Amino acid sequence: MSKTYTIAEVLNQKVPVDSEVVLKGWVRTRRDSKAGFSFIALHDGSCFSPIQVVAPNTLANYENEILKLTAGCSIVVHGKVVASPGQGQSVEIQANSIEVLGFVDDPETYPISPKHHTLEYLREHAHLRIRTNTIGAVMRVRSCLGQAIHRFFHEQGFYWIHTPIITTSDCEGAGEMFRVSTLDLQNLPRKENGQINFAEDFFGKETFLTVSGQLNAESYCLAMSKVYTFGPTFRSENSNTSRHLAEFWMIEPEIAFANLLDDAKLAEDLLRYCFKAVLEERADDMAFFAQRVDKDCITRLENILQHNFEHMDYTDAIKHLQNANKKFDYPVEWGLDLQSEHERYLAEELVGKPVILMNYPKDIKAFYMRLNDDGKTVAAMDVLAPGIGEIIGGSQREERLEILDQRMTECHLNPADYQWYRDLRRYGSVPHAGFGLGFERLVSYVTGVSNVRDVIPFPRTPKHAQY
RNA sequence: UCCUCGGUAGCUCAGUCGGUAGAGCAAUUGACUGUUAAUCAAUGGGUCACUGGUUCGAGUCCAGUCCGAGGAGCCA
């Protein structure tokens with residue numbers, strides 16, 4: 001009785017030559033030889049490469065089935081692992097029998113023909129695009145990165161916190177929110193003044209999908225010291241760019257007894273750990289990206305592993321930009337937020353590697369960021385990556401209640417809406433810090449696949465929620 | 001949402017000055033071959049995004065609509 005293996009196991013020589021094996025997968029290509037056999041490139045997603053199956057014309061179903069195999073057909077192969085006499089692979093499978101599980105209805109209109117397709121085209125066939133080299137490789141790297149992130153935090157003594165998806169707070173402040181409701185849209189309950197009566201809604205008040213787990217993570221941080229979230233996040237902004245999704249995944253660590261420098265070090269350590277893991281575990285997929293997508297993607301990661309991230313104060317960044325021998329479309333002045341072109345100049349031209357910008361003016365940052373002693377800046381940091389821009393945004397949190405209240409008022413927020421968040425500052429408050437890492441932006445940066453819609457399985461963007 | 005560019009065969013694209021719709025790949029058939037993005041030959045394949053307009057005549061010019069991409073803003 002032969003055992004079923006993955007193609008990765010066979011190609012990585014975990015199975016000795018002459019072993020009898022069963023392989024299951026999908027046909028990539030078929031080439032017929034009049035010497036009395038066909039070559040089938042079989043793929044099962046376990047690694048980048050397909051394996052070559054040699055199907056002799058003595059198979060019972062050779063004429064009526066094997067010769068009709070086209071890209072996308074699913075088969076089960078029973079055969080022997082043999083050294084390959086041909087170029088291009090060390091081993092191949094000499095088939096004893098091949099069972100066809102599913103043919104492709106109409107090969108001419110099968111969307112994934114064995115040729116080049118644009119990423120835009122593949123996006124419109126999101127349920128089948130995983131069968132291509134590019135998207136398959138992206139998803140293996142994505143999985144590798146996700147596992148690496150959990151492993152990194154686990155090794156560092158962090159606890160993974162599952163913060164809620166549904167939130168009653170519309171004050172998270174990070175963007176437009178999707179409403180969650182069970183009210184009948186055709187027949188909304190009204191109060192006497194004509195406003196919608198959310199008391200009759202499922203939760204008895206207005207609810208939304210989360211735009212950030214940070215506030216909840218802070219609560220757990222102030223009991224468990226080192227925590228992180230890793231989950232879906234939703235923003236209903238009408239953003240149409242290669243860097244934005246309405247549904248995306250975000251990693252948000254939160255550390256107690258920590259300041260901004262601890263936060264920056266954590267961000268750098270995490271990214272470095274992830275890059276190392278991908279280079280070690282997905283060398284096959286990365287080699288493909290380097291060949292077909294972005295020739296610098298491997299050397300870029302290798303260089304980062306050898307050098308520290310550049311640290312730069314916002315104030316110094318403004319000086320650098322003002323002294324730059326370059327015309328910017330938007331003005332550079334202390335107190336103004338940096339535009340994409342500015343961030344790009346700093347990361348790509350001035351420094352040429354990731355930059356951690358710190359200590360921004362308080363007026364352009366969120367209320368929860370800790371006020372510095374100068375009274376003008378807050379302990380915020382952004383990690384800017386060449387080619388993609390902001391990949392991480394974080395800060396030391398304001399742990400002093402009076403100052404937090406004052407900052408909320410300045411930001412036109414009502415402290416009464418944040419009672420539980422304020423409680424954290426009333427009962428054993430400690431300095432703490434955290435950041436948000438956009439998972440899709442990380443995958444995009446690592447692979448060189450420049451649109452985040454191509455690095456998430458089923459992208460949600462304005463007007464797009466098919467599949 | 002704003003700006004720019006685009007939509008022609010299953011896919012990637014060309015299409016000149018407004019005058020009979022083209023190529024490569026894919027598919028089908030055949031030849032050849034331990035092949036590997038195989039090679040060679042033949043064949044089939046079109047609502048030129050949609051609607052309207054100008055014109056003897058529109059893939060081509062004009063208007064509107066829909067869809068896509070890139071950039072910007074928002075941010076991760």
Side-chain angles (χ1 to χ4, degrees), chain A residues 28-42 49-56 67-68 70-72 82-89 92 94 104 106-125 132-133 172-176 211-214 229 232-252 267 291-292 329-330 337-341 343-344 364-366 382-385 388-394 435-445 450-456 461-464:
Chain A
R28 278 286 174 81
T29 59
R30 189 199 84 231
R31 294 176 298 278
D32 304 319
S33 167
K34 279 297 180 295
F37 41 81
S38 295
F39 298 101
I40 299 166
L42 183 69
S49 294
I51 195 167
Q52 176 157 283
V53 175
V54 181
L67 288 181
K68 295 191 174 114
T70 56
V82 297
S84 176
Q87 300 291 309
Q89 63 278 316
E92 62 188 23
Q94 189 69 40
V104 166
D106 181 3
E108 185 168 2
T109 58
Y110 177 61
I112 313 298
S113 55
K115 68 178 292 297
H116 174 77
H117 294 102
T118 59
L119 290 170
E120 293 81 28
Y121 168 79
L122 292 174
R123 228 172 271 156
E124 292 170 8
H125 302 272
T132 62
N133 281 335
E172 294 182 26
E176 297 296 310
V211 295
S212 164
Q214 180 198 318
T229 74
T233 308
F234 307 88
R235 298 195 185 164
S236 64
E237 258 135 28
N238 190 13
S239 294
N240 292 289
T241 79
S242 57
R243 309 181 299 284
H244 289 85
L245 294 163
E247 177 183 277
F248 64 100
W249 288 66
M250 186 154 66
I251 296 98
E252 295 177 287
Q291 187 193 342
R292 292 291 179 88
D329 293 336
Y330 290 85
D337 210 353
L338 298 179
Q339 303 293 317
S340 282
E341 58 172 350
E343 297 183 344
R344 202 163 268 183
I364 57 173
K365 287 293 180 181
D382 282 353
V383 179
L384 308 179
I388 194 158
E390 184 178 342
I391 194 169
I392 283 178
F435 62 80
L437 165 63
F439 189 48
E440 284 72 25
R441 290 185 182 178
L442 176 66
V443 180
S444 176
Y445 181 67
S450 57
N451 196 318
V452 290
R453 293 167 207 168
D454 301 317
V455 304
I456 190 169
T461 54
K463 303 281 186 289
H464 293 275

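Every chain is numbered from 1, with letters handed out A, B, ... down the list of sequences. Here the structure is a predicted model, which means the values were calculated and not measured.
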* Structure fact -> Whichever of A:T70 and A:V54 has the more 5' nearest nucleotide on RNA chain B, that residue is A:T70

* What about A:S239, does its side chain sit under 3.5 Å from the base of B:C74 through a donor-acceptor pair? -> yes

* Spacing of the C1' atoms in B:G52 and B:C40 (rounded, Å) -> 49 Å

* Which whole number of Å gives the distance between the P atom of B:U28 and that of B:U35? -> 22 Å

* Verify the contact: side-chain N or O of A:Q52 to OP1 or OP2 of B:U35, cut-off strictly under 4.0 Å; return yes or no. => no

* Asked: For B:A69, does either OP1 or OP2 sit under 4.0 Å from a side-chain N or O belonging to A:R453?
  -> yes

* Asked: Quick check: does any side chain N or O of A:R123 sit under 3.5 Å from a backbone N or O of A:D454, one acting as donor and the other as acceptor?
  -> no

* Short side-chain donor-acceptor distance under 3.5 Å, A:T233 and A:R235 -> no

* Asked: Within a strict 4.5 Å, meaning less than it, do heavy atoms of the A:E341 and A:D329 side chains meet?
  -> yes

* **Side-chain N or O of A:N240 closer than 4.0 Å to phosphate OP1/OP2 of B:G70** => no

* According to a strict under-4.0 Å criterion, is A:R243 in side-chain N/O contact with OP1 or OP2 of B:G71? -> no

* Asked: Which part of the nucleic acid, if any, lies within reach of A:L245 when heavy atoms closer than 4.0 Å are counted: base, sugar-phosphate only, or nothing?
  -> base

* So what's B:A23 paired with, Watson-Crick or G-U wobble, going by both distances under 3.5 Å? -> B:U12

* Asked: How far, in whole Å, is B:A42 from B:C56 if one measures between their P atoms?
  -> 43 Å

* Asked: When only distance counts, do a donor and an acceptor, one from the side chain of A:E92 and one from the base of B:G34, lie under 3.5 Å apart?
  -> yes

* Asked: So does A:T241 get a side-chain nitrogen or oxygen closer than 4.0 Å to the phosphate oxygens (OP1/OP2) of B:A72?
  -> no

* Structure fact -> A:T118 has its side chain closest, among B:U33, B:C11, B:U12, to B:U12

* Give me the ring orientation class for A:Y121 and A:H125: parallel if the planes are under 30° apart, tilted from 30 to 60°, perpendicular past 60°. => tilted

* To do: Classify the side chain of A:H244 and the base of B:C75 as holding, or not holding, a donor-acceptor pair under 3.5 Å.
  => yes

* Structure fact -> Per atom distances to the A:T29 side chain, the nearest of B:U35, B:G10, B:A38 is B:A38

* Between the base of B:U35 and the side chain of A:Q89, is there a donor-acceptor distance below 3.5 Å? -> yes

* Between B:C11, B:C75, B:G73, spot the one nearest the side chain of A:Q339, thanks. => B:G73

* Asked: If you measure from the C1' atom in B:U39 to the same atom in B:C32, how many Å do you get, rounded?
  -> 8 Å

* Name the nucleic acid region contacted by A:G436, choosing base, sugar-phosphate or nothing; use a 4.0 angstrom heavy-atom cut-off, strictly under. => sugar-phosphate

* With a non-hydrogen cut-off below 4.0 angstrom, is A:I251 in contact with a base, only sugar-phosphate, or nothing? -> nothing

* Counting only side-chain N and O atoms of A:S33, is one of them less than 4.0 Å from OP1 or OP2 of B:G34? -> yes

* Asked: What distance, rounded to whole Å, do you find between the two P atoms, one in B:G59 and one in B:G53?
  -> 15 Å

* Asked: Distance between the P atoms of B:U16 and B:G7, in whole angstroms?
  -> 12 Å

* Asked: Which whole number of Å gives the distance between the P atom of B:G34 and that of B:G70?
  -> 46 Å

* Asked: So what does A:F439 hit on the nucleic acid, given a heavy-atom distance under 4.0 Å: a base, only sugar-phosphate, or nothing?
  -> nothing

